[in-house]
Amino acid sequence: MKVGITGGIGSGKSTVCRLFAQRGVAVYDSDAAAKRLMTEEPALRAGIAARFGAEAYAGGALNRPYLAAKVFSDPAALADLNALVHPAVMADFAAWAERQEGSYVILESAILFEAGLEGSVDRTVAVLAPLELRVERTCRRDGCDPEAVRRRIAAQAGDDLLRERADYTLVNILETDLEPAVAELDRIFTHEAVEH
C-alpha cells in the first residue's frame with residue numbers, strides 16, 4: 001500500500017514523515033528525488049536540454065538558477081518542466097516502493113494534488129498548520145523574509161483544498177500532539193494494508 005503525505009511550506013509534512021520513519025515506515029522524498037533524477041537520469045536530462053537548451057546543463061551539471069529563471073516567470077515553461085519531471089519521479093517511486101519491506105510506504109510531496117500524483121497512492125494525508133505559525137517556522141528554518149514566505153504560501157494549494165481532497169488531515173501545532181496522531185494513522189494504514 002502507498003500513502004501520499006502533502007502540505008504547504010512550514011506545515012510540518014517533513015516532521016510528520018520523520019515520525020512515520022521513526023516507526024519503521026519507508027519514506028520517499030519526491031523533492032529530493034526530482035533533484036537527483038534531473039541530475040542523473042539520462043532520458044530526463046535529454047528532455048530538459050531539448051526543451052530549455054544546452055544552457056540547462058552548462059558545464060555538465062544542472063544549471064538551477066538558469067532553469068528557475070526560465071520556469072518561474074513562465075507558467076507554460078513550468079508546466080513543460082513538470083511534464084518531464086513528474087513521470088520520471090513517479091516511475092522512480094514505483095520502482096523504489098517495490099523494493100521496500102513493510103506493509104506500506106510513504107510518498108512525501110509538496111504538490112501531491114497539484115501534480116495529480118494522488119492517483120499513484122492509495123491514501124492521502126494533508127498536514128495543516130495556522131498561517132502565522134507556518135511563516136514563523138519557515139523564517140526560522142530558512143532565514144528568510146516573512147513577506148516572501150507569505151507569497152510562497154499564497155502560490156500553493158490552500159488548506160481548504162487540501163482538507164477537501166485528502167483522506168486524512170493532521171493539524172500540526174505542537175509536535176507532542178503529532179506523535180499520537182501519527183501512531184493512530186500508522187495503526188490504520190497497517191490494518192488497511194493487510195486488508196488490501
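Ile5 and Ile111 are members of different hydrophobic clusters when ILVMFWY side chains are connected at heavy-atom separations under 4.5 Å. Neither Val171 nor Leu185 shares a network with the other; the hydrophobic side chains, linked directly or stepwise wherever heavy atoms of I, L, V, M, F, W or Y lie under 4.5 Å apart, form separate groups for each. Put simply, Leu178 and Ile188 are part of the same group of oily side chains (I, L, V, M, F, W, Y) that touch within less than 4.5 Å, one to the next. Under the 4.5 Å side-chain heavy-atom criterion for grouping Ile, Leu, Val, Met, Phe, Trp and Tyr, Leu67 is connected to Leu78 within one hydrophobic cluster. In this structure, Leu170 is not a member of the same hydrophobic cluster as Leu174, with clusters built from ILVMFWY side-chain heavy atoms closer than 4.5 Å.
To the nearest 0.5 angstrom, Arg163 atom CZ is 6.5 Å from Thr169 atom OG1. Glu118 CD to Arg165 CZ: the interatomic distance, rounded to the nearest 0.5 Å, is 4.5 Å. With values rounded to the nearest 0.5 angstrom, Leu37 atom CG is found 9.5 Å from Ile48 atom CD1. Rounding to the nearest 0.5 Å gives a distance of 12.5 Å between CG of Asp159 and CD of Glu164. The distance from the CD atom of Glu136 to the CG atom of Leu131 is 11.5 Å, given to the nearest 0.5 Å. Atom CE of Met90 is separated from atom OH of Tyr28 by 7.5 Å, given to the nearest 0.5 angstrom.
Annotation: side chain of Leu117 is not in contact with side chain of Phe93 (no heavy-atom distance under 4.5 Å). A 4.5 Å side-chain heavy-atom check between Ile106 and Phe189 finds every atom pair outside the cut-off. Side-chain contact between Asp186 and His191 is absent, with no heavy atoms from C-beta onward closer than 4.5 Å. Under the 4.5 Å side-chain criterion, counting only non-hydrogen atoms from C-beta, Leu84 is in contact with Leu44. Arg187 places a side-chain heavy atom less than 4.5 Å from the side chain of Glu184. When side chains are defined from C-beta on, Asp145 does not count as touching Cys139, because their heavy atoms never get closer than 4.5 Å.
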Using salt bridge (Lys or Arg N to Asp or Glu O under 4.0 Å), reason through Lys2 and Asp122 one step at a time and then give a plain yes or no.
CA-CA 5 Å; Lys2 301 178 182 85; Asp122 304 293; 5.6 Å; no
Assess the residue pair Arg23 and Val182 against the criterion (side-chain contact (heavy atoms from CB on, under 4.5 Å)); give the C-alpha distance rounded to whole Å, side-chain angles, the decisive distance to 0.1 Å, and a yes or no.
CA-CA 9 Å; Arg23 301 184 70 78; Val182 167; 3.9 Å; yes
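Aromatic pair Tyr57/Tyr66: ring centres not closer than 6.0 Å.
The main-chain N or O of Thr124 is found under 3.5 Å from a side-chain atom of Asp167 such that the two form a donor-acceptor pair. Counting only distance, with no hydrogens or angles, the side chain of Asp74 and the backbone of Ala76 share a donor-acceptor pair below 3.5 Å. Of the possible polar contacts, one joining the Gln100 side chain to the Trp96 backbone as a donor-acceptor pair under 3.5 Å is found. Arg137 places a side-chain N or O within donor-acceptor distance of the main-chain N or O of Ser11, the cut-off being under 3.5 Å. The backbone N or O of Val127 sits nowhere less than 3.5 Å from a side-chain atom of Asn172 that would complete a donor-acceptor pair. A donor-acceptor contact shorter than 3.5 Å links the side chain of Thr6 to the backbone of Ser109.
For Ala129 against Arg134, the heavy-atom pair with the smallest separation is O-CD, 3.3 Å. Across all their heavy atoms, Asn82 and Pro87 have their closest contact at O-CD, 3.8 Å. Shown here for Cys144 and Val149, the closest heavy-atom pair between the two residues is SG-CG2, 3.4 Å. For Gly10 against Thr138, the heavy-atom pair with the smallest separation is CA-OG1, 3.4 Å. Closest non-hydrogen pair, Leu162 versus Gly8, comes out as CD1-N, 4.4 Å.
Tested against Val3 for a side chain to side chain contact (heavy atoms under 4.5 Å, CB included), the candidates Val25, Val125, Val121 yield a single pass: Val125.
Within 6.0 Å of atom CD in Glu101, 12 or fewer heavy atoms from other residues, nucleotides or ligands are found, so the atom counts as exposed in its surroundings.
Screening residues 29-45 for side-chain hydrogen bond (donor to acceptor under 3.5 Å, both in side chains) gives Arg36-Asp92 as the qualifying pairs, with residues at least two apart or on separate chains.
A salt bridge links Asp80 to Arg51: at least one charged side-chain nitrogen sits closer than 4.0 Å to a carboxylate oxygen.
Under the side-chain hydrogen bond (donor to acceptor under 3.5 Å, both in side chains) criterion, Arg150 pairs with Glu132, Glu147, sequence neighbours left out.
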